[in-house]
Amino acid sequence: MPRKRRFRAARTEAPRYGGVVHGLPGGAMVITNSERKDMNCGRRWWFSRGAMLKSPPSQVLRFGSLFDECMGLLLRYYKLFDRPYGVELDESCRVCRGDDPDCPNCEGTGASFWVRAWREATTGLDDEMGVSVDMICDALEGWLRTWDHVMAESWEVVDIQPQIAVPITNTEGIQYKSKVPVVRIENGWRLADARDGMDDIEFVMLPWFQLCKLDAVVRNKETGALRVWETKTSGSPDQFTRNLHLDTQLPGYSRALWYAVSVLGVYEGTVEGYVWDVTSNKPHRRPKVLKSGKVSLASNQRVPSWRWGEYIEANCDSESKLIAFARDGRAKVSAAEAAGTKPPKQLTDSLKEVAYQLKIYEMARLAYMDFDLSLHRREHGTHTLEDLAEYEAELFQAASQKARWLRELPGSMGLSRTEMANKWSRRPICRLPGGFCPYTGPCASKIEDGSLSWEAFDRREHLLWLTTAFVKEQKKKEGENGR
């Protein structure tokens, strides 16, 4: 019987974390924020990370991913040029207008940031995204109208989507290590899953890290300190922001930035806190036009100020002109009434129209003060040492629980429902208000590969550990291709 090759990994490769991951050693076990969400229910984690079922993204997730990609490219513009972008969403590159193959902004594509993101998101899709161009452009235009000048005046973009690995420590501050089941493959090893048998695996002792992908690192131009920049989309930015103290993601990002600065030396400066930037994924409505041809002045329309501005530009006179006409017209009406005569009907009709148009201006002002920031909310804050200590304790609990579940995975595909319940019990978060789980079909059927309820799922990629020889060969090929 051939001897198994000793586990000596030169590189850890996690799905969705391609490229440089600061602080990640060659042989490490990792956990991510998205996996921690799956761990809220043991059975959900087993379907997602044990059976490796990858659920298709919902419309909400697709919108969020596309908006995130758009913001990444927009932040790239701010990083390169440190000036306002403007509110117009052209299809061609704002810098070169499509005429420069070496343009650093569009990277030779000639397209604007949102067109590039749209093309990337829709390439290879067999079905509709469920997200329209109007939806994403509405959200981006609203963001630019709200924050474009503030962004250029207040923030320097230092880095975009950096990836950082942070050690997970136990309650005594010692890095957590555990035995992890792995399977030998041609170029290294992969993490074992539920389809593997005990004869297929070996256990190796690995240190644990949390993987963090920050949306951006920014520098406060007033204080010179660094902040984590986090972009989010939500159907209710107000509620989302009010519950920020319950978030279990952002403290990890603050911790990761501190680690990148203080331990890894990736950035220079001090860590000041975070910027939490939330955009509504709801349509940015236009004023409702009534059958009479006039616009509705109802206060519950939830129309942003810039939509009122578009209507005003197309349909109303200037506000100063309207105010002057109203002042002069009321004086003429008062004079006519004092003389005991009836004001001309043309004058009174004109005054009614002026009052109507001035009310539209008032609707725009009210929307700016009361509604715009409910579509685009921004919070700034810091995490205390107690916040981070609490987070580290919870992260250690999640890592140790995942380690236990991983050791139970091999051979679990054939377990009975009762045996599954003893190891990965159900916590029906899918039944809670607003709860959602993509695995309700498989969860209600037999635990077996090939079930009809499993057909809608693609397979997840495995966590990999690559050998030194393979990594050297990859680098050699990359060097040859770069010549």
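Quick caveat, the model's predicted, so the values are computed rather than measured.
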**Student:** Pair Arg377, Lys232 - check side-chain contact (heavy atoms from CB on, under 4.5 Å), show working.
**Tutor:** CA-CA 10 Å; Arg377 291 298 303 268; Lys232 292 291 184 184; over 6 Å; no
**Student:** Any heavy-atom pair between the side chains of Ile31 and Leu395 that's under 4.5 Å?
**Tutor:** yes
**Student:** Centres of the Phe47 and Phe457 rings: under 6.0 Å?
**Tutor:**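 No, they do not, as the ring centres are separated by 6.0 Å or more.
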**Student:** Kindly say whether Val30 contributes a backbone atom to a donor-acceptor pair with the side chain of Lys402 at under 3.5 angstrom?
**Tutor:**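 Pair found, side chain donor or acceptor close to backbone of Val30.
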**Student:** Looking at side-chain heavy atoms only, is the closest gap between Asp38 and Arg49 below 4.5 Å?
**Tutor:** yes
**Student:** Are the ring centres of Tyr176 and Phe396 closer than 6.0 Å?
**Tutor:** yes
**Student:** Could you check Arg459 against Lys54 for side-chain contact (heavy atoms from CB on, under 4.5 Å), going step by step and ending with a plain yes or no?
**Tutor:** CA-CA 5 Å; Arg459 293 285 175 88; Lys54 182 180 179 182; over 6 Å; no
**Student:** Are any side-chain N or O atoms of Arg427 and backbone N or O atoms of Cys41, one a donor and one an acceptor, separated by less than 3.5 Å?
**Tutor:**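 Absent.
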**Student:** With a 4.5 Å cut-off on side-chain heavy atoms, are Ser305 and Phe371 touching?
**Tutor:**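 The answer is no; the side chains never approach within 4.5 Å.
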**Student:** Grab the two heavy atoms, one from Val217 and one from Pro162, that are nearest each other, plus how far apart they are.
**Tutor:** CG2-CG, 3.9 Å
**Student:** When you check the side-chain N and O atoms of Gln210 and Tyr391, is any donor under 3.5 Å from an acceptor?
**Tutor:**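 Their side chains do contain a donor-acceptor pair, which is all the 3.5 Å distance test asks for.
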**Student:** Is a side-chain N or O of Ser262 found less than 3.5 angstrom from the main chain of Tyr259, in a donor-acceptor match?
**Tutor:** no
**Student:** Do Ser65 and Asp68 pair up side chain to side chain, a donor and an acceptor below 3.5 Å, judged on atom types alone?
**Tutor:** no
**Student:** With salt bridge (Lys or Arg N to Asp or Glu O under 4.0 Å) as the criterion, how do Arg76 and Glu107 come out once you've worked through the C-alpha distance, each side chain's angles and the decisive distance to 0.1 Å?
**Tutor:** CA-CA 11 Å; Arg76 174 186 172 84; Glu107 298 179 289; 3.6 Å; yes
**Student:** Kindly say whether the aromatic ring centers of His380 and Trp155 come within a distance under 6.0 Å.
**Tutor:**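 Centroid distance His380-Trp155: below 6.0 Å, so yes.
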**Student:** Is the His22 ring parallel, tilted or perpendicular to the Tyr267 ring (thresholds 30°, 60°)?
**Tutor:**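 Geometry flag for Tyr267 against His22: perpendicular rings.
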**Student:** Within the distance-only criterion (no hydrogens, no angle test), does the side chain of Ser48 pair as donor or acceptor with the backbone N or O of Arg44 below 3.5 angstrom?
**Tutor:** no
**Student:** Where the side chain of Asp370 meets the backbone of Ala367, is there a donor-acceptor pair that is under 3.5 Å apart?
**Tutor:**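 Judged by distance alone, no pair lies under 3.5 Å.
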**Student:** CZ of Arg460: more than 12 outside heavy atoms within 6.0 angstrom?
**Tutor:**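 Counting other residues, nucleotides and ligands, CZ of Arg460 exceeds 12 neighbours.
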**Student:** Going by heavy atoms in the side chains, are Leu74 and Leu144 under 4.5 Å from each other?
**Tutor:**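 Yes, at least one pair of side-chain atoms sits under 4.5 Å.
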**Student:** Quick check: does any side chain N or O of Gln301 sit under 3.5 Å from a backbone N or O of Lys288, one acting as donor and the other as acceptor?
**Tutor:** yes
**Student:** Closer than 4.0 angstrom, basic N to acidic O: yes or no for Arg184 and Glu202?
**Tutor:** no
**Student:** Taking atom CD of Glu461 as the centre, report whether more than 12 heavy atoms of other residues, nucleotides or ligands fall under 6.0 Å from it.
**Tutor:** no
**Student:** Should Trp114 and Val133 count as side-chain neighbours, where that means a heavy-atom distance under 4.5 Å?
**Tutor:**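 Heavy-atom side-chain distance check passes, below 4.5 Å.
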**Student:** From the options Arg145, Arg307, Lys282, select the one residue that forms a salt bridge (charged side-chain N to carboxylate O under 4.0 Å, His left out) with Asp138.
**Tutor:** Arg307
**Student:** Looking at OG1 of Thr233 and CE of Met71, how far apart are the two atoms once the value is rounded to the nearest 0.5 Å?
**Tutor:** 11.5 Å
**Student:** Going by the rule side-chain hydrogen bond (donor to acceptor under 3.5 Å, both in side chains), which residues pair with Thr32 if we only count those two or more places apart in sequence or in a different chain?
**Tutor:** Ser34
**Student:** Go through the steps to decide whether Trp465 and Met29 satisfy the test side-chain contact (heavy atoms from CB on, under 4.5 Å), and finish with yes or no.
**Tutor:** CA-CA 10 Å; Trp465 296 275; Met29 187 60 217; 4.1 Å; yes
**Student:** Hey, does the side chain of Arg195 reach the backbone of Pro410 with a donor-acceptor pair shorter than 3.5 angstrom?
**Tutor:** no
**Student:** Take a 6.0 Å sphere around NZ of Lys213 and say whether it holds more than 12 heavy atoms from other residues, nucleotides or ligands.
**Tutor:** yes
**Student:** Are Glu13 and Arg11 close enough for a salt bridge, meaning some N to O gap below 4.0 Å?
**Tutor:**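 Salt bridge present between Glu13 and Arg11.
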**Student:** Pair Gln175, Phe209 - check side-chain contact (heavy atoms from CB on, under 4.5 Å), show working.
**Tutor:** CA-CA 9 Å; Gln175 182 163 17; Phe209 289 77; 3.2 Å; yes
**Student:** Which of these passes salt bridge (charged side-chain N to carboxylate O under 4.0 Å, His left out) with Glu156: Lys79, Arg227, Arg219?
**Tutor:** Arg219
**Student:** Is a donor from one side chain sitting under 3.5 angstrom from an acceptor on the other, for Trp143 and Asp277?
**Tutor:**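 There is such a pair (donor and acceptor under 3.5 Å, judged by atom type) between the side chains of Trp143 and Asp277.
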**Student:** Would you call the rings of Trp424 and Trp45 parallel, tilted or perpendicular if under 30° counts as parallel and over 60° as perpendicular?
**Tutor:** parallel
**Student:** Spell out, as yes or no, whether a donor-acceptor pair under 3.5 Å connects the side chain of Thr279 to the backbone of His376.
**Tutor:** no
